[in-house]
Protein chains: 2
Amino acid sequence: MSRGASTSFADATRSLLRRTLLEAARDLAAERPWRDVTMAAIAKRAGVSRQTLYNEFGARGPLTEALVLYEVDRFIATVEAAVAERAADPPEALTAALDVFLTAVAEDPLVHAVVTEDGRDELLPLVTSQAAPLLGYASERLAAILRSHWPHVPDGEARFMADTLVRLALSYVVLPVSDPRPTVDGVTRILRPYALAVLGGGAGG
Amino acid sequence: MSRGASTSFADATRSLLRRTLLEAARDLAAERPWRDVTMAAIAKRAGVSRQTLYNEFGARGPLTEALVLYEVDRFIATVEAAVAERAADPPEALTAALDVFLTAVAEDPLVHAVVTEDGRDELLPLVTSQAAPLLGYASERLAAILRSHWPHVPDGEARFMADTLVRLALSYVVLPVSDPRPTVDGVTRILRPYALAVLGGGAGG
DNA sequence: GCTCGGTGTCGAGCGATTGGACATACGGTA
DNA sequence: TACCGTATGTCCAATCGCTCGACACCGAGC
């Protein structure tokens, strides 16, 4: 590491490559079952050689995991935006976050692929029995969002709240509901007292 | 062209490099006189070697021109957004476009650098006596915007309208006004009949 | 058992970036 | 005027990442 500190273009290039690759994988996963999406097809879609794809992810397994985490990022971003708009009203923020999340899940082709797969794909374990990395990553991100909007919440509390919310959210990925509305209402009803106590009241906070 | 059609990542990398470089140049130009912004500083800020900067732009002159055009792009994007929101009401779109443009000009550090420079910088000529490329580029972009929102306008008319508006806009870059409001009102008053005739009426159109 | 298609690995080739060198031009100063 | 420090523009060898073709390996289907 004798290089100078700033490598912003190099970094950007690297992340651009990763993003291009994952975007290509995502596109193809939306078109057909994940097991029918070959490494060659992903590389071609991304306009890159197959070798470059292997250089970046090593093998199909890690790519699959990265793809799932990438999709998580999109959900997180959606939730983040919904929360940011309503930071002054925690219960309302909670409701909105649930709403946009469930809606996004219902419309997501990759989620659909996970849920409808016949067991020969490698997707389902990653959001269930092998979901530890996902849970860790997503809850860490969510905790950061909570901390940024409600800094008075203790770190441990934020982490646990995020962990719980992600676990609950994951459940709705694996076992979706047709109409998000009742779920949003119900979960809000359950979590509202807790949110009020920990995050603070509505307009008063 | 024996390669496959898609070279998306490669293309993206190239434009990313250019953008990174221009962004770095812009940042530094906002901090100090353009004259005092060295090629080495730009390269360093972009996280790239000086040679790469020269490979991309050849010399300082072309980089300076590209920087100006890049800044033009930002203004165009601002105007584009303002127009898009009011495509149904041409006079209103015109007013809004003028408003956001003059506001953006007033706040732009690079514009400020152009106007306050002591004559030893190479910026002023590019927006005045040497502004032909700028005028051509900006009016072409603006004409495209006009065409996309009001396709019934003849091409020649759109081009001339764009050319005139850009010339007028350039004037306010070089000779700014402290309060945009009167200018917006006045120019709107002048151009409104023309806009109504060529682009169409308000809610009725 | 054999073939086919996909995975994962390897190496030569190639283009782009790097870091260092250099000549040159300009501004400030004795 | 001569000198000095700095910035520009150019050159080159080394390096890095991507490409392309080749190969062994493995599981599924015939």
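Below, each value reflects all heavy atoms present in this structure, side chains not excepted, and no hydrogens, waters or symmetry copies.
Summarising the geometry, the separation between CG on A:Leu16 and C1' on D:dC18 is reported as 14 Å, rounded to the nearest angstrom. To the nearest angstrom, P of D:dC16 lies 17 Å from CD of A:Glu56. Atom CG in B:Asp36 sits roughly 11 Å away from atom P in D:dT8 (whole-Å rounding). Atom CG of A:Leu21 and atom C1' of D:dT19 are 14 Å apart (whole Å). Atoms CG (B:Leu53) and P (D:dA7) sit 14 Å apart, rounded to a whole Å. One atom, CG of B:Leu63, and another, C1' of D:dA7, lie 14 Å apart when rounded to the nearest Å. Taking atom CZ of B:Arg18 as the reference point, atom P of C:dT17 lies 13 Å away to the nearest angstrom.
Applying the salt bridge (charged side-chain N to carboxylate O under 4.0 Å, His left out) test to residues at least two apart or on different chains, the pairs with a partner in residues 141-151 of chain B are B:Asp73-B:Arg141, B:Glu140-B:Arg147, B:Arg147-B:Asp155. Residue pairs meeting the salt bridge (charged side-chain N to carboxylate O under 4.0 Å, His left out) criterion with at least one partner in residues 94-113 of chain A, sequence neighbours excluded, are A:Arg26-A:Asp108, A:Asp99-A:Arg181.
By the ring pair (Phe, Tyr, Trp, His ring centres under 6.0 Å) test, A:Phe101 is found to be paired with A:Phe75, residues two or more places apart in sequence or in another chain being considered. Checked against salt bridge (Lys or Arg N to Asp or Glu O under 4.0 Å), B:Asp185 has no partners two or more places apart in sequence or in another chain. When the side-chain hydrogen bond (donor to acceptor under 3.5 Å, both in side chains) test is applied to B:Thr188, the partners found at least two apart in sequence or on another chain are B:Thr95.
When side chains are defined from C-beta on, B:Leu142 does not count as touching B:Asp163, because their heavy atoms never get closer than 4.5 Å.
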Item to check | Protein proximity profile, nucleotides 8-16 of chain C - base contact B, sugar-phosphate-only contact S, no contact -, cut-off 4.0 Å on heavy atoms | outcome: BBB------
